[in-house]
Amino acid sequence: MRKLPLLLAGLCCQLSMFAQLSTLQPILGGELSNSAATSVADIDEVMPRMARLGLNTVLVPAYWELMEPTEGHFDFTLIDRTISRAREQGLKVVFLWFGAWKNSMSCYAPAWFKQDVRRFPRAMNAGGKQLEIASCFSDNVLRADLKAFSALMRHLSELDPRCETVVMMQVENEIGMLESARDHSPLAEKAYKAERWAELHGTGDQSDEQFMAKYYARYVEQLAQAARQVSPMPLYVNAAMNSRGRKPGEYPSAGPLAHLVDIWNAEAPTIDLLAPDIYDTGFKQWAAQYAMPLRPQDGGKVKNRLFIPESRCCENSGQRALYAFGEHQALGFSPFAIDQARPEETQSVTQAYALLRQVFALEQAHKPQNSWGLLFDQEDKERIVEDAADDVVMTCRHFFTLPWDARATDGSTWPEGGAMLLKLGKHDYLLAGSGVVVDFKTRGEKAQEEQRRLGEDGFAEAGKDAATQARKFQGSRLGLLSVDEVTIDEMGRFCYQRRHNGDQTHQGRHARISVGDWKILHIKLYRY
(Lines give C-alpha, C1' and ligand atoms only; values in the text may rest on other atoms or scores of the structure.)
Protein backbone atom coordinates (compact mmCIF):
# COMPACT_ATOMS: atom_id res chain seq x y z
CA MET A 1 0.00 0.00 0.00
CA ARG A 2 2.96 2.35 0.48
CA LYS A 3 3.92 2.18 -3.22
CA LEU A 4 1.08 4.43 -4.41
CA PRO A 5 2.01 7.50 -2.30
CA LEU A 6 5.65 7.08 -3.33
CA LEU A 7 4.63 6.82 -6.98
CA LEU A 8 2.45 9.91 -6.73
CA ALA A 9 5.22 11.83 -4.98
CA GLY A 10 7.68 10.85 -7.71
CA LEU A 11 5.21 11.86 -10.44
CA CYS A 12 4.57 15.25 -8.82
CA CYS A 13 8.31 15.84 -8.54
CA GLN A 14 8.78 14.88 -12.21
CA LEU A 15 6.06 17.29 -13.36
CA SER A 16 7.55 20.00 -11.16
CA MET A 17 10.95 19.35 -12.76
CA PHE A 18 9.52 19.79 -16.26
CA ALA A 19 7.97 23.09 -15.18
CA GLN A 20 11.31 24.12 -13.64
CA LEU A 21 13.24 23.38 -16.83
CA SER A 22 10.71 25.08 -19.12
CA THR A 23 10.72 28.29 -17.07
CA LEU A 24 14.47 28.43 -16.50
CA GLN A 25 15.87 31.75 -17.66
CA PRO A 26 18.74 31.70 -20.17
CA ILE A 27 22.00 31.14 -18.35
CA LEU A 28 24.60 33.83 -19.02
CA GLY A 29 27.12 31.90 -17.07
CA GLY A 30 30.71 31.49 -16.10
CA GLU A 31 32.31 28.47 -14.47
CA LEU A 32 34.79 29.01 -11.69
CA SER A 33 38.21 27.38 -11.80
CA ASN A 34 38.42 24.14 -9.86
CA SER A 35 39.82 25.56 -6.60
CA ALA A 36 38.03 28.91 -6.58
CA ALA A 37 35.39 27.95 -3.99
CA THR A 38 37.42 25.91 -1.51
CA SER A 39 37.37 28.57 1.20
CA VAL A 40 34.95 31.15 2.54
CA ALA A 41 37.41 33.93 1.74
CA ASP A 42 37.65 32.87 -1.89
CA ILE A 43 33.88 32.73 -2.25
CA ASP A 44 33.51 36.17 -0.69
CA GLU A 45 36.01 37.59 -3.16
CA VAL A 46 34.91 35.89 -6.35
CA MET A 47 31.12 36.25 -6.32
CA PRO A 48 31.00 40.07 -6.49
CA ARG A 49 33.62 39.98 -9.22
CA MET A 50 31.48 37.57 -11.28
CA ALA A 51 28.49 39.90 -10.93
CA ARG A 52 30.60 42.79 -12.21
CA LEU A 53 31.50 40.78 -15.31
CA GLY A 54 27.80 40.70 -16.22
CA LEU A 55 27.02 37.05 -15.46
CA ASN A 56 23.61 36.06 -14.22
CA THR A 57 24.70 32.56 -13.15
CA VAL A 58 27.88 31.12 -11.66
CA LEU A 59 28.81 27.46 -12.01
CA VAL A 60 30.47 26.42 -8.76
CA PRO A 61 32.08 23.10 -7.72
CA ALA A 62 30.64 21.21 -4.78
CA TYR A 63 33.55 19.23 -3.39
CA TRP A 64 32.90 15.83 -1.85
CA GLU A 65 36.26 15.82 -0.02
CA LEU A 66 35.47 19.10 1.77
CA MET A 67 31.80 18.34 2.34
CA GLU A 68 32.39 14.95 4.01
CA PRO A 69 35.96 15.06 5.38
CA THR A 70 34.98 12.44 7.97
CA GLU A 71 32.74 9.63 6.80
CA GLY A 72 29.14 10.26 7.76
CA HIS A 73 29.75 13.84 8.98
CA PHE A 74 28.75 16.60 6.55
CA ASP A 75 29.91 20.19 6.46
CA PHE A 76 27.88 22.51 4.19
CA THR A 77 29.75 25.70 5.06
CA LEU A 78 31.01 26.31 1.52
CA ILE A 79 27.65 25.46 -0.03
CA ASP A 80 25.81 27.84 2.29
CA ARG A 81 28.32 30.63 1.75
CA THR A 82 28.07 30.30 -2.02
CA ILE A 83 24.29 30.58 -1.90
CA SER A 84 24.26 33.54 0.48
CA ARG A 85 26.85 35.48 -1.53
CA ALA A 86 25.03 34.68 -4.78
CA ARG A 87 21.80 36.04 -3.35
CA GLU A 88 23.53 39.23 -2.24
CA GLN A 89 24.82 39.75 -5.79
CA GLY A 90 21.58 38.80 -7.56
CA LEU A 91 23.20 35.71 -9.07
CA LYS A 92 21.96 32.20 -9.71
CA VAL A 93 24.09 29.13 -9.00
CA VAL A 94 24.64 25.83 -10.76
CA PHE A 95 26.48 23.39 -8.53
CA LEU A 96 28.87 20.85 -10.03
CA TRP A 97 29.03 17.64 -8.02
CA PHE A 98 32.71 16.73 -7.85
CA GLY A 99 31.93 13.33 -6.41
CA ALA A 100 33.26 9.96 -7.49
CA TRP A 101 34.68 11.42 -10.71
CA LYS A 102 36.05 14.70 -11.94
CA ASN A 103 37.56 14.64 -15.44
CA SER A 104 37.43 10.84 -15.18
CA MET A 105 39.60 10.75 -12.05
CA SER A 106 38.52 10.24 -8.44
CA CYS A 107 40.65 13.11 -7.16
CA TYR A 108 37.82 14.81 -5.24
CA ALA A 109 36.82 11.76 -3.23
CA PRO A 110 37.57 12.17 0.51
CA ALA A 111 40.78 10.86 2.01
CA TRP A 112 38.95 8.06 3.86
CA PHE A 113 37.62 6.89 0.49
CA LYS A 114 40.92 7.14 -1.37
CA GLN A 115 42.92 5.27 1.28
CA ASP A 116 40.53 2.30 1.52
CA VAL A 117 41.20 0.68 -1.84
CA ARG A 118 39.90 -2.69 -0.69
CA ARG A 119 36.50 -1.26 0.22
CA PHE A 120 36.38 1.21 -2.67
CA PRO A 121 38.11 -0.58 -5.55
CA ARG A 122 39.68 1.19 -8.50
CA ALA A 123 39.17 0.65 -12.19
CA MET A 124 41.96 -1.08 -14.10
CA ASN A 125 43.28 -0.68 -17.61
CA ALA A 126 43.63 -3.58 -20.04
CA GLY A 127 47.06 -4.36 -18.58
CA GLY A 128 45.71 -4.73 -15.04
CA LYS A 129 47.12 -1.44 -13.71
CA GLN A 130 45.02 0.19 -11.00
CA LEU A 131 43.95 3.71 -11.88
CA GLU A 132 42.89 6.63 -9.71
CA ILE A 133 39.39 6.03 -11.05
CA ALA A 134 36.82 4.50 -8.73
CA SER A 135 35.11 1.52 -10.33
CA CYS A 136 31.49 2.17 -11.18
CA PHE A 137 30.87 -1.58 -10.79
CA SER A 138 31.41 -1.37 -7.03
CA ASP A 139 28.31 -1.15 -4.83
CA ASN A 140 30.46 0.37 -2.08
CA VAL A 141 31.59 3.18 -4.36
CA LEU A 142 28.00 3.87 -5.39
CA ARG A 143 26.64 3.80 -1.84
CA ALA A 144 29.27 6.21 -0.53
CA ASP A 145 28.84 8.65 -3.43
CA LEU A 146 25.06 8.36 -3.30
CA LYS A 147 24.95 9.02 0.44
CA ALA A 148 26.93 12.24 0.10
CA PHE A 149 25.10 13.46 -2.99
CA SER A 150 21.71 12.74 -1.40
CA ALA A 151 22.73 14.69 1.69
CA LEU A 152 23.66 17.63 -0.52
CA MET A 153 20.37 17.52 -2.41
CA ARG A 154 18.35 17.34 0.82
CA HIS A 155 20.26 20.29 2.21
CA LEU A 156 19.61 22.32 -0.94
CA SER A 157 15.92 21.43 -0.89
CA GLU A 158 15.68 22.78 2.66
CA LEU A 159 17.74 25.90 1.98
CA ASP A 160 16.28 26.71 -1.45
CA PRO A 161 13.08 24.65 -1.83
CA ARG A 162 11.83 26.45 -4.96
CA CYS A 163 15.20 26.36 -6.71
CA GLU A 164 15.19 30.15 -6.86
CA THR A 165 18.96 30.46 -6.35
CA VAL A 166 20.34 27.03 -7.19
CA VAL A 167 18.80 26.42 -10.59
CA MET A 168 20.56 23.25 -11.81
CA MET A 169 22.85 20.45 -10.66
CA GLN A 170 25.63 18.78 -12.60
CA VAL A 171 25.91 15.11 -11.63
CA GLU A 172 29.63 14.18 -11.50
CA ASN A 173 32.05 15.84 -13.94
CA GLU A 174 33.23 14.60 -17.34
CA ILE A 175 32.72 10.94 -16.56
CA GLY A 176 34.85 8.65 -18.68
CA MET A 177 37.34 5.82 -18.64
CA LEU A 178 40.98 6.58 -19.46
CA GLU A 179 43.88 4.40 -20.66
CA SER A 180 41.40 1.74 -21.80
CA ALA A 181 37.99 1.95 -23.42
CA ARG A 182 36.49 0.11 -20.45
CA ASP A 183 37.22 -0.95 -16.90
CA HIS A 184 39.04 -4.32 -16.65
CA SER A 185 38.88 -4.69 -12.86
CA PRO A 186 37.56 -8.01 -11.45
CA LEU A 187 34.10 -6.53 -10.78
CA ALA A 188 33.92 -5.13 -14.31
CA GLU A 189 35.06 -8.41 -15.85
CA LYS A 190 32.39 -10.25 -13.87
CA ALA A 191 29.67 -7.97 -15.31
CA TYR A 192 31.15 -8.20 -18.80
CA LYS A 193 31.02 -12.00 -18.73
CA ALA A 194 27.60 -12.15 -17.09
CA GLU A 195 26.12 -10.11 -19.92
CA ARG A 196 27.92 -12.24 -22.54
CA TRP A 197 28.93 -8.89 -23.96
CA ALA A 198 31.60 -10.03 -26.37
CA GLU A 199 29.33 -12.76 -27.69
CA LEU A 200 26.34 -10.47 -28.20
CA HIS A 201 28.01 -7.19 -29.11
CA GLY A 202 31.46 -8.06 -30.38
CA THR A 203 34.85 -6.86 -29.20
CA GLY A 204 37.00 -3.80 -29.81
CA ASP A 205 37.06 -0.20 -28.65
CA GLN A 206 33.58 0.67 -29.90
CA SER A 207 31.94 -2.29 -28.19
CA ASP A 208 33.94 -1.73 -24.99
CA GLU A 209 32.92 1.92 -24.90
CA GLN A 210 29.25 1.03 -25.27
CA PHE A 211 29.54 -1.47 -22.42
CA MET A 212 31.15 1.14 -20.20
CA ALA A 213 28.60 3.82 -21.14
CA LYS A 214 25.80 1.50 -20.05
CA TYR A 215 27.25 1.12 -16.56
CA TYR A 216 28.31 4.73 -16.11
CA ALA A 217 24.80 5.83 -17.08
CA ARG A 218 23.21 3.30 -14.72
CA TYR A 219 25.38 4.61 -11.91
CA VAL A 220 24.42 8.22 -12.63
CA GLU A 221 20.76 7.26 -12.78
CA GLN A 222 20.92 6.12 -9.16
CA LEU A 223 22.10 9.57 -8.10
CA ALA A 224 19.55 11.28 -10.34
CA GLN A 225 16.65 9.27 -8.91
CA ALA A 226 17.71 10.15 -5.36
CA ALA A 227 17.85 13.83 -6.30
CA ARG A 228 14.45 13.71 -7.94
CA GLN A 229 12.88 12.35 -4.76
CA VAL A 230 13.62 15.59 -2.92
CA SER A 231 13.90 18.33 -5.55
CA PRO A 232 12.52 19.35 -8.97
CA MET A 233 15.92 20.82 -9.82
CA PRO A 234 17.00 20.02 -13.42
CA LEU A 235 19.95 17.64 -13.65
CA TYR A 236 22.59 17.34 -16.34
CA VAL A 237 25.80 15.49 -17.12
CA ASN A 238 28.70 17.01 -19.05
CA ALA A 239 31.00 15.38 -21.58
CA ALA A 240 34.65 15.77 -22.50
CA MET A 241 34.71 15.69 -26.30
CA ASN A 242 36.08 12.84 -28.41
CA SER A 243 38.22 15.25 -30.41
CA ARG A 244 41.41 15.26 -32.47
CA GLY A 245 41.01 11.73 -33.79
CA ARG A 246 41.52 10.11 -30.40
CA LYS A 247 40.27 6.60 -29.64
CA PRO A 248 38.15 5.62 -26.61
CA GLY A 249 40.44 5.67 -23.59
CA GLU A 250 42.62 8.33 -25.20
CA TYR A 251 39.65 10.61 -24.60
CA PRO A 252 37.36 9.88 -21.60
CA SER A 253 35.59 6.83 -22.99
CA ALA A 254 31.87 6.23 -22.44
CA GLY A 255 30.86 9.67 -21.19
CA PRO A 256 27.62 11.32 -22.37
CA LEU A 257 28.95 11.82 -25.89
CA ALA A 258 26.78 12.44 -28.93
CA HIS A 259 27.41 8.99 -30.42
CA LEU A 260 26.30 7.38 -27.13
CA VAL A 261 23.09 9.32 -26.50
CA ASP A 262 20.82 6.32 -27.08
CA ILE A 263 22.60 4.39 -24.33
CA TRP A 264 22.63 7.34 -21.94
CA ASN A 265 18.96 8.13 -22.52
CA ALA A 266 17.94 4.52 -22.04
CA GLU A 267 19.99 3.93 -18.89
CA ALA A 268 19.74 7.39 -17.27
CA PRO A 269 16.25 8.66 -18.19
CA THR A 270 16.07 10.93 -15.12
CA ILE A 271 18.91 13.09 -16.43
CA ASP A 272 17.42 16.10 -18.21
CA LEU A 273 20.33 17.32 -20.35
CA LEU A 274 23.51 15.99 -21.93
CA ALA A 275 25.95 18.87 -22.21
CA PRO A 276 29.17 19.36 -24.20
CA ASP A 277 32.34 20.93 -22.84
CA ILE A 278 33.76 22.64 -25.92
CA TYR A 279 37.45 23.51 -25.97
CA ASP A 280 38.57 22.43 -29.42
CA THR A 281 38.17 24.11 -32.78
CA GLY A 282 34.94 23.56 -34.67
CA PHE A 283 32.66 25.18 -32.10
CA LYS A 284 29.64 25.16 -34.42
CA GLN A 285 29.97 21.46 -35.21
CA TRP A 286 30.30 20.44 -31.56
CA ALA A 287 27.34 22.58 -30.52
CA ALA A 288 25.13 21.13 -33.26
CA GLN A 289 25.68 17.59 -31.96
CA TYR A 290 23.96 18.47 -28.69
CA ALA A 291 21.03 20.46 -30.08
CA MET A 292 19.14 17.52 -31.54
CA PRO A 293 16.01 15.41 -31.05
CA LEU A 294 16.51 12.82 -28.35
CA ARG A 295 14.47 10.09 -26.69
CA PRO A 296 12.94 8.48 -29.80
CA GLN A 297 10.26 6.92 -27.59
CA ASP A 298 8.79 10.42 -27.39
CA GLY A 299 8.64 10.71 -31.17
CA GLY A 300 11.45 13.22 -31.26
CA LYS A 301 9.32 15.79 -29.45
CA VAL A 302 11.73 16.13 -26.56
CA LYS A 303 14.88 17.97 -27.54
CA ASN A 304 18.19 18.03 -25.79
CA ARG A 305 18.29 21.77 -25.41
CA LEU A 306 21.83 22.97 -25.92
CA PHE A 307 23.62 23.92 -22.72
CA ILE A 308 27.36 24.55 -22.82
CA PRO A 309 28.62 24.44 -19.20
CA GLU A 310 32.26 24.73 -20.22
CA SER A 311 33.87 26.48 -23.16
CA ARG A 312 37.37 27.80 -23.54
CA CYS A 313 37.47 31.32 -22.10
CA CYS A 314 39.06 33.42 -24.82
CA GLU A 315 38.69 36.64 -26.75
CA ASN A 316 36.00 34.98 -28.92
CA SER A 317 33.81 33.67 -26.09
CA GLY A 318 31.21 36.41 -26.42
CA GLN A 319 30.82 35.82 -30.16
CA ARG A 320 30.31 32.11 -29.54
CA ALA A 321 27.66 32.81 -26.91
CA LEU A 322 25.70 34.94 -29.37
CA TYR A 323 25.89 32.15 -31.93
CA ALA A 324 24.72 29.48 -29.48
CA PHE A 325 21.69 31.48 -28.37
CA GLY A 326 20.81 32.66 -31.88
CA GLU A 327 21.25 29.40 -33.75
CA HIS A 328 20.14 26.87 -31.15
CA GLN A 329 18.15 28.90 -28.60
CA ALA A 330 20.61 27.55 -26.06
CA LEU A 331 19.67 27.18 -22.43
CA GLY A 332 23.02 28.62 -21.45
CA PHE A 333 26.67 29.29 -22.16
CA SER A 334 29.56 29.33 -19.70
CA PRO A 335 33.27 30.01 -20.24
CA PHE A 336 35.48 27.94 -17.96
CA ALA A 337 37.79 29.41 -15.31
CA ILE A 338 36.42 32.86 -15.98
CA ASP A 339 37.69 33.97 -12.56
CA GLN A 340 41.27 33.45 -13.77
CA ALA A 341 40.85 34.91 -17.26
CA ARG A 342 42.59 38.04 -18.47
CA PRO A 343 40.50 41.21 -19.06
CA GLU A 344 40.93 40.92 -22.82
CA GLU A 345 39.34 37.45 -22.58
CA THR A 346 36.41 38.43 -20.38
CA GLN A 347 35.63 41.66 -22.23
CA SER A 348 33.79 39.91 -25.06
CA VAL A 349 31.74 37.93 -22.52
CA THR A 350 30.67 41.10 -20.71
CA GLN A 351 29.82 42.85 -23.99
CA ALA A 352 27.91 39.89 -25.44
CA TYR A 353 25.98 39.23 -22.24
CA ALA A 354 24.92 42.90 -22.13
CA LEU A 355 23.45 42.52 -25.64
CA LEU A 356 21.86 39.18 -24.82
CA ARG A 357 20.06 40.55 -21.78
CA GLN A 358 18.45 43.12 -24.07
CA VAL A 359 17.56 40.56 -26.73
CA PHE A 360 16.01 38.28 -24.10
CA ALA A 361 13.84 41.18 -22.92
CA LEU A 362 12.67 41.69 -26.49
CA GLU A 363 11.96 37.99 -26.94
CA GLN A 364 9.98 37.96 -23.72
CA ALA A 365 7.79 40.85 -24.88
CA HIS A 366 7.56 40.05 -28.60
CA LYS A 367 8.22 36.50 -29.76
CA PRO A 368 10.48 36.65 -32.84
CA GLN A 369 9.34 34.70 -35.87
CA ASN A 370 12.76 33.15 -36.38
CA SER A 371 16.38 33.45 -35.30
CA TRP A 372 19.79 32.45 -36.61
CA GLY A 373 23.29 32.45 -35.20
CA LEU A 374 26.28 33.84 -37.05
CA LEU A 375 29.87 32.88 -36.26
CA PHE A 376 32.77 33.63 -38.61
CA ASP A 377 36.52 33.37 -38.61
CA GLN A 378 39.31 33.63 -41.16
CA GLU A 379 38.43 30.33 -42.81
CA ASP A 380 34.65 30.25 -42.36
CA LYS A 381 33.71 33.73 -43.60
CA GLU A 382 30.20 33.56 -45.01
CA ARG A 383 26.74 32.13 -44.46
CA ILE A 384 23.66 32.46 -46.67
CA VAL A 385 20.44 32.66 -44.67
CA GLU A 386 17.17 32.34 -46.57
CA ASP A 387 13.87 33.63 -45.23
CA ALA A 388 11.67 31.88 -47.80
CA ALA A 389 8.39 33.15 -46.34
CA ASP A 390 9.18 36.73 -47.35
CA ASP A 391 11.55 36.07 -50.27
CA VAL A 392 14.60 37.40 -48.48
CA VAL A 393 18.12 36.06 -48.90
CA MET A 394 20.63 37.38 -46.39
CA THR A 395 24.32 37.10 -47.18
CA CYS A 396 26.11 37.26 -43.85
CA ARG A 397 29.88 37.65 -43.68
CA HIS A 398 32.77 38.45 -41.39
CA PHE A 399 33.30 42.19 -41.19
CA PHE A 400 36.84 41.81 -42.51
CA THR A 401 35.49 40.60 -45.86
CA LEU A 402 34.84 44.27 -46.58
CA PRO A 403 37.68 45.58 -48.72
CA TRP A 404 38.55 48.77 -46.89
CA ASP A 405 39.48 47.63 -43.38
CA ALA A 406 43.27 47.42 -43.11
CA ARG A 407 43.09 45.02 -40.18
CA ALA A 408 41.81 42.34 -42.55
CA THR A 409 45.09 42.11 -44.44
CA ASP A 410 47.77 43.03 -41.90
CA GLY A 411 48.71 39.40 -41.33
CA SER A 412 47.14 38.98 -37.89
CA THR A 413 44.57 36.31 -37.04
CA TRP A 414 41.03 37.60 -37.39
CA PRO A 415 38.99 37.79 -34.20
CA GLU A 416 35.77 35.87 -34.66
CA GLY A 417 32.64 37.71 -35.71
CA GLY A 418 29.45 36.62 -33.99
CA ALA A 419 25.84 37.72 -33.85
CA MET A 420 22.20 36.84 -33.41
CA LEU A 421 19.98 37.59 -36.39
CA LEU A 422 16.27 37.69 -35.57
CA LYS A 423 13.19 38.09 -37.74
CA LEU A 424 10.66 40.30 -35.98
CA GLY A 425 8.14 40.55 -38.82
CA LYS A 426 7.89 40.94 -42.57
CA HIS A 427 10.98 42.81 -43.77
CA ASP A 428 11.81 43.54 -40.12
CA TYR A 429 15.05 42.18 -38.59
CA LEU A 430 17.33 42.61 -35.62
CA LEU A 431 21.10 42.11 -35.70
CA ALA A 432 22.94 41.94 -32.37
CA GLY A 433 26.64 41.24 -32.18
CA SER A 434 30.12 42.18 -33.32
CA GLY A 435 32.24 41.89 -36.45
CA VAL A 436 29.56 41.02 -39.03
CA VAL A 437 28.05 42.46 -42.21
CA VAL A 438 24.71 41.47 -43.77
CA ASP A 439 23.13 42.34 -47.10
CA PHE A 440 19.56 41.60 -48.16
CA LYS A 441 18.31 40.49 -51.58
CA THR A 442 15.32 38.79 -53.14
CA ARG A 443 15.91 35.24 -54.37
CA GLY A 444 15.72 36.43 -57.94
CA GLU A 445 18.24 39.18 -57.33
CA LYS A 446 20.58 36.80 -55.54
CA ALA A 447 20.37 34.28 -58.38
CA GLN A 448 21.34 36.95 -60.89
CA GLU A 449 24.14 38.34 -58.75
CA GLU A 450 27.67 37.98 -60.06
CA GLN A 451 30.71 38.20 -57.86
CA ARG A 452 32.42 41.53 -58.48
CA ARG A 453 35.95 42.55 -57.71
CA LEU A 454 35.89 45.65 -55.58
CA GLY A 455 38.53 48.31 -55.14
CA GLU A 456 39.65 49.84 -51.86
CA ASP A 457 36.73 52.29 -51.92
CA GLY A 458 34.21 49.45 -52.16
CA PHE A 459 33.21 50.19 -55.76
CA ALA A 460 33.76 47.92 -58.74
CA GLU A 461 37.08 48.31 -60.46
CA ALA A 462 37.03 50.08 -63.82
CA GLY A 463 36.07 47.89 -66.74
CA LYS A 464 35.24 44.87 -64.60
CA ASP A 465 31.44 45.26 -64.50
CA ALA A 466 30.45 45.72 -68.15
CA ALA A 467 28.97 42.23 -68.57
CA THR A 468 26.81 42.61 -65.49
CA GLN A 469 25.53 46.01 -66.61
CA ALA A 470 24.59 44.73 -70.08
CA ARG A 471 22.57 41.78 -68.79
CA LYS A 472 18.80 42.44 -68.44
CA PHE A 473 17.66 42.30 -64.81
CA GLN A 474 14.53 40.30 -63.99
CA GLY A 475 12.22 40.78 -61.01
CA SER A 476 12.38 43.04 -57.97
CA ARG A 477 14.98 44.06 -55.42
CA LEU A 478 15.21 44.73 -51.71
CA GLY A 479 16.55 47.93 -50.21
CA LEU A 480 17.30 49.19 -46.73
CA LEU A 481 14.37 51.27 -45.54
CA SER A 482 16.16 52.07 -42.27
CA VAL A 483 18.96 50.82 -40.08
CA ASP A 484 18.73 52.11 -36.53
CA GLU A 485 21.19 51.46 -33.75
CA VAL A 486 19.10 50.76 -30.66
CA THR A 487 19.20 49.55 -27.10
CA ILE A 488 16.34 47.55 -25.60
CA ASP A 489 14.88 48.26 -22.17
CA GLU A 490 13.69 45.73 -19.59
CA MET A 491 10.17 45.85 -21.07
CA GLY A 492 11.45 44.87 -24.50
CA ARG A 493 11.03 48.35 -26.00
CA PHE A 494 13.44 49.90 -28.48
CA CYS A 495 15.42 52.92 -27.33
CA TYR A 496 16.64 54.77 -30.42
CA GLN A 497 20.34 55.69 -30.41
CA ARG A 498 21.18 56.77 -33.97
CA ARG A 499 20.40 56.19 -37.64
CA HIS A 500 22.95 54.26 -39.71
CA ASN A 501 23.01 55.45 -43.31
CA GLY A 502 25.43 56.78 -45.90
CA ASP A 503 28.94 55.55 -45.19
CA GLN A 504 27.70 53.39 -42.29
CA THR A 505 25.60 51.26 -44.69
CA HIS A 506 27.79 51.76 -47.79
CA GLN A 507 25.04 53.96 -49.19
CA GLY A 508 22.27 51.45 -48.50
CA ARG A 509 24.09 48.26 -49.52
CA HIS A 510 24.34 46.48 -46.17
CA ALA A 511 24.05 46.63 -42.39
CA ARG A 512 27.26 46.11 -40.47
CA ILE A 513 28.86 46.05 -37.03
CA SER A 514 32.61 46.55 -36.93
CA VAL A 515 35.11 44.26 -35.26
CA GLY A 516 35.50 45.56 -31.72
CA ASP A 517 32.05 47.15 -31.64
CA TRP A 518 29.07 45.51 -29.90
CA LYS A 519 25.75 46.82 -31.14
CA ILE A 520 22.11 46.09 -31.83
CA LEU A 521 20.75 47.17 -35.22
CA HIS A 522 17.05 47.31 -36.06
CA ILE A 523 16.75 46.80 -39.82
CA LYS A 524 13.71 47.42 -41.99
CA LEU A 525 13.56 46.59 -45.69
CA TYR A 526 11.44 47.66 -48.65
CA ARG A 527 10.85 46.11 -52.03
CA TYR A 528 11.18 47.92 -55.36
Side-chain angles (χ1 to χ4, degrees), residues 27-70 73-103 105-111 113 145 148-149 151-160 163-174 223 227 231 233-238 275 277 307-313 332-342 345-346 349:
I27 291 172
L28 303 177
E31 181 171 327
L32 299 183
S33 54
N34 292 164
S35 299
T38 57
S39 72
V40 166
D42 283 346
I43 294 167
D44 288 350
E45 184 279 329
V46 77
M47 297 303 275
R49 189 154 53 88
M50 295 302 97
R52 290 194 297 271
L53 286 179
L55 313 184
N56 66 15
T57 306
V58 185
L59 282 68
V60 183
Y63 313 98
W64 185 10
E65 65 174 344
L66 299 181
M67 198 184 81
E68 193 183 4
T70 303
H73 298 275
F74 298 101
D75 182 353
F76 297 109
T77 299
L78 299 177
I79 299 296
D80 295 350
R81 193 67 161 211
T82 297
I83 292 172
S84 66
R85 289 294 179 258
R87 286 172 173 167
E88 288 173 5
Q89 299 298 323
L91 294 166
K92 307 295 184 183
V93 172
V94 174
F95 277 118
L96 321 174
W97 175 237
F98 284 9
W101 302 289
K102 193 273 176 190
N103 291 64
M105 311 303 286
S106 297
C107 52
Y108 280 95
F113 180 103
D145 193 4
F149 183 69
L152 172 61
M153 292 304 301
R154 286 194 299 271
H155 184 74
L156 293 176
S157 70
E158 295 167 359
L159 198 62
D160 188 28
C163 307
E164 292 173 320
T165 302
V166 185
V167 295
M168 275 208 301
M169 174 65 70
Q170 178 182 289
V171 184
E172 309 294 346
N173 180 270
E174 291 189 357
L223 272 65
S231 174
M233 186 186 302
L235 309 169
Y236 75 95
V237 284
N238 64 326
D277 292 347
F307 173 53
I308 303 173
E310 295 184 33
S311 183
R312 184 182 302 281
C313 191
F333 179 87
S334 173
F336 173 68
I338 194 168
D339 58 299
Q340 295 181 340
R342 293 174 287 118
E345 294 171 332
T346 60
V349 177

| said: Quick one about Gln170 and Tyr236 (side-chain donor to acceptor, distance below 3.5 Å, no hydrogens or angles considered), yes or no? | reply: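 The criterion, which ignores hydrogens and geometry beyond distance, is satisfied for Gln170 and Tyr236.
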| task | For the residue pair Trp101 and Asp145, confirm or rule out a side-chain donor-acceptor distance under 3.5 Å. | result |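 Checked: Trp101/Asp145 side chains show no N/O donor-acceptor pair below 3.5 Å.
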| Main-chain N/O of Arg342 paired with Glu345 side-chain donor or acceptor, under 3.5 Å | yes
| said: Would the distance check show the side chain of Tyr63 and the main-chain N or O of Gly99 forming a donor-acceptor pair, the cut-off being under 3.5 Å? | reply: no
Hey, does [Y] have a side-chain heavy atom less than 4.5 Å from the side chain of [X]?
X: Met153; Y: Leu223; value: no
X: Thr77; Y: Val40; value: yes
X: Phe333; Y: Ile27; value: no

| request: List the steps, then state whether side chain to side chain contact (heavy atoms under 4.5 Å, CB included) holds for Leu152 with Met169. | output: CA-CA 11 Å; Leu152 172 61; Met169 174 65 70; 3.9 Å; yes
| said: With a 4.0 Å cut-off on N to O distance, would you call Arg87 and Asp160 a salt bridge? | reply: yes
| said: Between Glu158 and Arg154 (salt bridge meaning N to carboxylate O under 4.0 Å), is one present in this structure? | reply: no
Pairs under 3.5 angstrom only: tabulate donor-acceptor contacts from the side chains of residues 52-62 to other protein residues two or more places apart or in another chain.
residue: Asn56; atom: OD1; partner: Leu28; partner atom: N; Å: 2.8
residue: Asn56; atom: ND2; partner: Pro26; partner atom: O; Å: 3.1

| message | If you apply the rule side chain to side chain contact (heavy atoms under 4.5 Å, CB included), what do you find for Leu91 with Met47, and how did you get there? | response | CA-CA 8 Å; Leu91 294 166; Met47 297 303 275; 4.2 Å; yes
| So which heavy atom on Pro309 is nearest to which on Glu31, and how close? | O-OE1, 3.1 Å
| request: Indicate the atoms forming the closest heavy-atom contact of Gln89 with Ala51, along with that distance. | output: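 Closest pair (atom of Gln89, atom of Ala51, distance): OE1-CB, 3.7 Å.
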| When the aromatic ring centroids of Trp97 and Phe149 are compared, is their separation below 6.0 Å? |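 Close enough - the centres of the two rings lie under 6.0 Å apart.
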| task | Start with the C-alpha gap between Asn238 and Glu310, add the side-chain angles, then the distance that decides, and say whether side chain to side chain contact (heavy atoms under 4.5 Å, CB included) holds. | result | CA-CA 9 Å; Asn238 64 326; Glu310 295 184 33; 3.5 Å; yes
| side chain to side chain contact (heavy atoms under 4.5 Å, CB included) between Val166 and Met233, intermediate numbers included | CA-CA 8 Å; Val166 185; Met233 186 186 302; 3.7 Å; yes
| Set of residues satisfying ring-ring contact (aromatic ring centres under 6.0 Å, His included) with respect to Phe336, sequence neighbours excluded | none
